Structures are given as structure tokens and as C-alpha cells.
Number of protein chains: 2
Amino acid sequence: MKFSTRVRYGSRAMVDLALHRSDGPVSLQVLADEQQIPERYLAKIIQDLRRSGLIRSVRGAHGGYALNRRPEETTLLDVWEALEGPLCPVECLEADSGCAMQAECVTRDVWDRIALAMAQVLKSASLAGLVRRHRQKVG
Amino acid sequence: MKFSTRVRYGSRAMVDLALHRSDGPVSLQVLADEQQIPERYLAKIIQDLRRSGLIRSVRGAHGGYALNRRPEETTLLDVWEALEGPLCPVECLEADSGCAMQAECVTRDVWDRIALAMAQVLKSASLAGLVRRHRQKVG
DNA sequence: CCTTAATAGCACAAGCTTCACCTTTTTAGT
DNA sequence: ACTAAAAAGGTGAAGCTTGTGCTATTAAGG
């Protein structure tokens with residue numbers, strides 16, 4: 001199991017947008033180039049981020065993308081949910097999964113604990129925190 | 001992102017084998033039927049469990065599969081690694097990933113924390129513990 | 001008004017996961 | 001020895017993820 005490239009690419013793009021926050025809209029080309037992401041593919045990913053309201057777009061010449069909220073108000077959990085829907089690593093964790101073995105299934109409890117742990121880490125990672133950490137690293 | 005069915009099916013099969021531990025080898029058909037898993041697919045999964053030494057097989061009539069270690073000595077992390085290799089949700093976490101941005105990448109740290117949390121939960125789930133929990137549930 | 005830069009959207013190709021099918025090998029019971 | 005039960009193994013199909021390519025739409029700047 002690997003995390004989808006959608007989430008990984010999307011997360012990196014969001015951090016990049018947070019870093020360029022004061023520079024006006026960032027074009028897809030710049031974003032893809034800086035983050036080494038296939039441009040056409042990133043285009044599709046970024047549309048989902050826009051549609052869920054995490055970023056806004058400016059069309060036409062000198063257009064591009066920018067964060068739609070303050071960096072403290074967006075976490076990687078938001079990004080994950082925008083690109084993959086609710087964090088749910090196995091179907092049987094959904095409310096109406098209709099799995100007949102749900103009551104007696106002991107592995108389900110393990111998947112549930114993992115999902116919880118993942119959500120906790122993702123929620124603790126705000127764009128603001130990631131930008132701060134990035135500035136610490138590169139100086 | 002969903003966990004692979006390989007890991008989910010394989011984990012349930014291992015718990016089932018642990019429950020039948022004193023009954024002699026369990027056939028693929030019984031296993032697939034009890035756990036509601038496509039039989040031919042489970043056959044492939046179970047081969048990987050055998051090849052990594054977690055279970056042993058008995059060929060011929062009245063054959064089947066049985067645990068190869070005591071239930072305390074196998075955790076769901078072992079099952080995961082047998083079926084998917086090392087727990088590594090993103091490539092760049094591997095030692096020689098060769099990602100040029102590794103030093104400055106702040107999302108990588110998040111994926112690393114998630115991987116650690118996942119491994120912790122999986123390692124804490126031994127077959128013995130899961131069997132105990134199952135007996136508590138069904139009575 | 002026209003050119004050019006840029007987003008928006010659709011359709012298609014390659015590779016991996018999840019299966020199903022068929023044949024071969026092995027072994028218990030008669 | 002023969003039959004039936006069961007694992008072992010290889011091959012192929014369907015659907016999803018990960019991309020690529022092409023066209024349409026929008027807006028800035030001369």
C-alpha cells in the first residue's frame with residue numbers, strides 16, 4: 001500500500017502555495033516545475049483542491065492559484081479529504097458498510113485505530129506549521 | 001487510499017487459522033468460506049504467507065494450512081510485511097529513494113510520522129491478542 | 001481589437017490490483 | 001493401484017490509478 005500520488009502531489013503543491021503566499025497567484029507551470037510534478041496531472045489534482053475551496057484560481061494572463069484561507073486554517077487532513085474523500089482505509093469502517101461480520105471482526109478494530117492515528121497526525125500538520133518548519137530547514 | 005485487500009484478507013485468514021489452531025490444518029475452501037473471501041484469490045495471498053514462513057501447508061487429501069509459530073509470536077505487522085513488503089507508504093521514505101528534494105521536504109516528515117504510527121498499531125496486534133479479543137466478543 | 005498566457009475540461013493510454021480459470025502435483029483412504 | 005481431496009502454479013480479464021494530449025475558455029496588455 002502506498003499513499004496516492006494525488007495526496008502527495010497535492011500536499012506539496014499546497015505547501016508551495018503557502019510559501020508563495022505574498023507573491024500573488026502562482027501559475028501551474030511554476031508550481032509543477034518547482035515541485036517536480038507532471039504538469040497536466042497536477043492540473044487535475046489542483047482542480048479538486050479548487051472545487052473544495054482550499055484554493056482559488058485566477059484565469060487568463062498572469063493568472064494562477066493561491067490559498068483561499070489563512071495557512072493556519074488548512075491542514076493536510078483537509079487536503080487529503082479534498083483529494084480522496086473521508087479518510088477511511090477500509091470500507092468496513094464506513095457507517096453503512098453492511099459487512100455481515102462487523103460485530104465479530106477483530107481486525108476491523110485495528111484498522112480503526114490506524115485510521116484514527118493517521119487522522120491525528122494529518123490534522124496536526126497545518127500549512128502554517130509546515131511553512132515554519134520549511135523555513136527552519138532551508139534557512 | 002485504501003489498504004490492499006491482500007492485507008485485509010490475509011489478516012482475517014491468519015486470525016481464523018489462530019482460532020482453529022488445535023483442529024489440524026484448515027483447507028483453503030473452509031478458510032475462504034468462513035471469511036467470505038474469493039477462494040482463488042485467497043490461494044494466491046496464502047502462498048505469500050507460506051513463503052514468508054508465517055504458515056505451513058499440508059498437501060494432499062485432508063491437507064490445508066496452519067500457523068507456523070505460536071500466536072504470540074506473529075503480529076499484523078508481520079502479515080503486512082509478508083504481503084506488501086516493508087511498511088512504507090511513500091517511496092521517498094526508503095533509504096536510497098534518491099529524491100532530490102528530500103532534505104527540504106516537509107511533507108516527508110509527516111508521512112514518516114504516519115508510517116511510524118501505523119507500524120506501532122500493527123505491531124501491538126498479535127494473533128494471540130486478536131484471538132482473545134474475538135473470544136470476548138462472540139463469547 | 002488582437003495576441004498571448006493561462007486555467008478548464010474531456011478523452012485516451014499504460015500499469016497495477018483484484019480477481020477467475022485451468023492444469024499439475026501431492027497424499028489419504030480404499 | 002485407484003480415486004478423491006487438496007495445495008501449487010501459470011495465464012488472462014476487469015477496473016482503478018496515474019498519467020498524456022488536445023481543445024475550449026478566460027483575461028491582461030499593447
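Quick note: numbers below take in every heavy atom, side chains included, and nothing from hydrogens, waters or symmetry partners. If you're wondering where the values come from, they're calculated on a predicted model, not measured in any experiment.
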Exercise. Side chain to side chain contact (heavy atoms under 4.5 Å, CB included) between B:R69 and B:D78: does it pass, once the steps are laid out?
Worked result: CA-CA 12 Å; B:R69 312 180 194 165; B:D78 298 319; 3.9 Å; yes

Exercise. At under 4.0 Å, does any side-chain N or O of A:R50 touch on OP1 or OP2 of C:dA8?
Worked result: yes

For this session: Taking only Lys NZ, Arg NE, NH1 and NH2, and the carboxylate oxygens of Asp or Glu, determine whether A:R21 and A:D16 approach each other closer than 4.0 Å.
Result: no

For this session: Would you mind reading off the distance between B:E91 atom CD and C:dC16 atom C1', rounded to a whole angstrom?
Result: 13 Å

Problem set entry | Distance in Å, B:T75 OG1 paired with B:L122 CG, rounded so as to fall on 0.5 Å steps | 7.0 Å

For this session: Quick one: do A:L54 and A:N68 satisfy side chain to side chain contact (heavy atoms under 4.5 Å, CB included)? Show the steps, please.
Result: CA-CA 5 Å; A:L54 296 183; A:N68 204 20; 5.9 Å; no

Problem set entry | Residue-phosphate contact under 4.0 Å: A:T5 side-chain N/O, D:dT18 OP1/OP2 | yes

Exercise. Would you say a side-chain N or O of B:Y65 is under 4.0 Å from OP1 or OP2 of D:dA8?
Worked result: yes

Exercise. Okay, side chain of B:R12, backbone of A:T107: is any donor-acceptor separation there less than 3.5 Å?
Worked result: no

Exercise. Would you say the base of C:dT27 and the side-chain of B:R59 have a donor-acceptor pair closer than 3.5 Å?
Worked result: no

Exercise. 5'-most contact on DNA chain D: A:R8 or A:G60, nearest heavy atom basis?
Worked result: A:R8

Exercise. For A:R56, which contact category applies under a 4.0 Å heavy-atom criterion: base, sugar-phosphate, or nothing?
Worked result: nothing

Seminar exercise, completed: Sorted by chain and number, sequence neighbours left out, salt bridge (charged side-chain N to carboxylate O under 4.0 Å, His left out) with A:R6 holds for A:D48

Exercise. Does the side chain of A:S57 get closer than 4.0 angstrom to OP1 or OP2 of C:dA8 through an N or O atom?
Worked result: yes

For this session: Remember a base hit wins even if backbone is also touched, and classify A:Y9 as base, sugar-phosphate or nothing at under 4.0 Å, heavy atoms.
Result: sugar-phosphate

For this session: Could you tell me the separation between the CG atom of A:L83 and the C1' atom of D:dT17, rounded to a whole number of Å?
Result: 14 Å

Problem set entry | Donor-acceptor pair between B:S4 and B:Y9 side chains, under 3.5 angstrom | no

Seminar exercise, completed: In numerical order, the residues of residues 26-48 of chain B whose heavy atoms come under 4.0 Å of DNA chain C are B:P38, B:R40, B:Y41, B:K44

Exercise. B:H62 NE2 to D:dA7 P: how many Å, rounded?
Worked result: 12 Å

